[in-house]
Amino acid sequence: MIKMKSLLALLPAVIAIAPLGAETFVIRNATVMTVSKGTFKGSVVVKDGKIADVGEKVLEPAGATIIDGNGQYLIPGIIDCHSHIAADGGINEGSVSVSSMVDIRDVINPEDIAIYRALAGGVTTANILHGSANPIGGCTLPLKMRWGKDAQSMIFEGATPGIKFALGENPKRAGNPQGGRGGTTPVQARYPATRMGVEDTIREAFNEAKAYKAEWDGYNAKVAHGEHPIPPRKDLKLEPLKEVLEGKRFVHAHCYRADEILMLLRVADDYGFKIRTLQHVLEGYKVAKEIAAHGAGASTFSDWWSYKVEAFDAIPFNAAIMTKKGVVVSLNSDDAELMRHLNSEAGKAMKYGGMSETEALAMVTLNPAKQLGIDNRVGSIEVGKDADLVLYDKFPLSDYAKVQKVLIDGTVYFDRDKEVTGRPAKAAEKQKLIDKEKQNQQQPGRGGRGGRAGQGGQAQ
């Protein structure tokens, strides 16, 4: 019998468009916004999943599939530096203050329909983060939106993994004996319950991590000299923090207030590591020079404001001000719906701060790629980079622009024309599955009215 849960699980697969495979493509006569090498009307050749040629005139390989981009705009795939989609179940482990032992890798849900919807909005890569209930949260990693692939195949291979930190209201409220988020759900009291406690929690964790690293450094030194000592016990909580100290794992820190931003930068300096990105960072404009001096990136909202006390000093000029002070700035979603129109969010940087078209577009392409350490692969249209490309029907920073095609690694994962023309067939297939489920429920012994339970008997 097809269970209803199984039926629902099938629906995303019905909605998906089968990838065409890594063909050789020529996207011809489009306005190509490379982000790094200027904007011009020309063509892009895609071969073996990579960008093989870019220019006003290119040599078109024989047998290549031609995509007519006349009157349309081609940009690099959009990259979201802060997302929670495709994570099965909750994303907060609120029972402890330091939850670095948990990992997004273990809960990737490749059937989350938000992946396909992100594709329809031009997103090709997203940094999937743990929640913000903990001063030190879980391990994170970027995914490519390879809809239809399994969980392992979605992971951005070779990308440096990360870890989520959080400051301010969220981690201290999660430990507040008065309740959980919003103070309405009783929870067990948990340290910290103050902003000072958040800093102390982070420092204590790195005190432990330094001692743990010293044990392993001593062990490795002895092994290198030919000795055979007993290895230290592996601690899954401290392993990721050890990797942070070694520069092998990026720190992405949820934050709002200027004072706490400075606090975290100083803590990182004290322990000898770098904050890779400050996430949300709504008061970053107040301390932009200090952020730039530390070398941290800033991944912020375009104009979200006043949704909680920490956000009251947010201004839509934040992204532009930090950029002008030398900070690498990206615009993120933190929301599955907002993720679908990050292109127009980037356009707001032109209105609020006078950013150029290229600077604004970089905030959702090249800049987040730099923040995630994957700019050698994605973020701009350059020969040799992954063929992660988005074709729009209009100027991509406009509210009226619609995604026409999305390629990831040279494979078409979204095609608007096929999506629209294929809707009747999808609707018919969906109805067929629903009808079959109803038929099964009505058959004797299937748990419906004809079964023993439906006749008043006891189900076997």
Side-chain angles (χ1 to χ4, degrees), residues 30-39 72-83 85 117-127 142 145 277-282 284-285 288 297-305 314-372 374-375 378-382 388-406 414:
T31 299
V32 181
M33 303 181 75
T34 67
V35 180
S36 61
K37 306 288 185 181
T39 298
Q72 302 184 59
Y73 291 78
L74 188 69
I75 70 167
I78 291 174
I79 300 170
D80 189 348
C81 200
H82 188 125
S83 178
I85 70 166
R117 291 169 179 162
L119 274 171
V123 177
T124 55
T125 298
N127 190 29
M145 302 291 101
T277 67
L278 295 162
Q279 297 286 330
H280 308 324
V281 62
L282 296 189
Y285 65 95
S299 189
T300 188
F301 298 130
S302 63
D303 57 0
W304 281 18
W305 169 81
I315 60 173
F317 295 89
N318 186 38
I321 291 173
M322 289 192 290
T323 298
K324 291 172 182 177
K325 295 295 182 180
V327 181
V328 175
V329 178
S330 69
L331 296 174
N332 67 56
S333 73
D334 194 23
D335 177 82
E337 193 282 324
L338 180 59
M339 192 177 189
R340 297 162 63 185
H341 50 90
L342 279 172
N343 59 308
S344 56
E345 292 296 292
K348 294 176 183 178
M350 297 173 64
K351 177 177 176 62
Y352 300 110
M355 310 302 288
S356 69
E357 293 176 1
T358 298
E359 288 173 323
L361 187 57
M363 289 183 177
V364 293
T365 54
L366 186 56
N367 289 1
K370 290 177 178 178
Q371 292 172 345
L372 297 174
I374 53 177
D375 53 303
V378 293
S380 59
I381 300 178
E382 299 180 54
D388 292 7
L389 303 166
V390 183
L391 190 64
Y392 281 91
D393 62 344
K394 296 180 177 65
F395 178 61
L397 301 181
S398 165
D399 285 338
Y400 300 100
K402 296 190 295 293
V403 173
Q404 302 303 301
K405 286 182 175 60
V406 178
F414 177 80

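Owing to the predicted nature of the structure, the values given are computational and were not obtained by experimental measurement. Along the sequence shown, residues carry numbers from 1. In what follows, every heavy atom counts, from backbone to side chain, and hydrogens, waters and symmetry copies are set aside.
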Acceptor/donor pairs from residues 360-367 side chains to any protein atom, 3.5 angstrom cut, sequence neighbours excluded:
residue, atom, partner, partner atom, Å
T365, OG1, L361, O, 2.8
N367, ND2, V329, O, 2.8

>> Checking E357 now: which residues fulfil side chain to side chain donor-acceptor pair (under 3.5 Å) with it, not counting sequence neighbours?
In response: none

> Sequence neighbours excluded, which residues qualify as ring pair (Phe, Tyr, Trp, His ring centres under 6.0 Å) partners of Y392?
Replying inline: none

> By side chain to side chain donor-acceptor pair (under 3.5 Å), which residues pair with K348, not counting sequence neighbours?
Replying inline: D303, E345

>> Using the side chain to side chain donor-acceptor pair (under 3.5 Å) criterion, which residues pair with D80? Sequence neighbours excluded.
In response: S333

> Can T300 and Y285 be said to form a side chain to side chain contact (heavy atoms under 4.5 Å, CB included), step by step?
Replying inline: CA-CA 11 Å; T300 188; Y285 65 95; over 6 Å; no

> Which distance, rounded to the nearest 0.5 Å, do you find between the CH2 of W305 and the CG of N318?
Replying inline: 15.0 Å

> Can you list the residues that meet the side chain to side chain donor-acceptor pair (under 3.5 Å) rule with H280, with sequence neighbours excluded?
Replying inline: H254

>> Using a strict threshold of under 4.0 Å (side-chain N to carboxylate O), is an ion pair present between D375 and K370?
In response: no

> Should F317 and K324 be marked as a side chain to side chain contact (heavy atoms under 4.5 Å, CB included) after you check the CA-CA gap, both sets of side-chain angles, and the distance that decides it?
Replying inline: CA-CA 11 Å; F317 295 89; K324 291 172 182 177; over 6 Å; no

>> To the closest 0.5 Å, what do you measure between OG (S302) and NE2 (H341)?
In response: 9.0 Å

> Can T277 and Q371 be counted as having a side-chain donor-acceptor contact under 3.5 angstrom?
Replying inline: no

> Between I381 and V35, is any pair of side-chain heavy atoms under 4.5 Å apart?
Replying inline: no

> Just by distance, with hydrogens left out, do S36 and E382 show a side-chain donor and acceptor under 3.5 Å apart?
Replying inline: yes

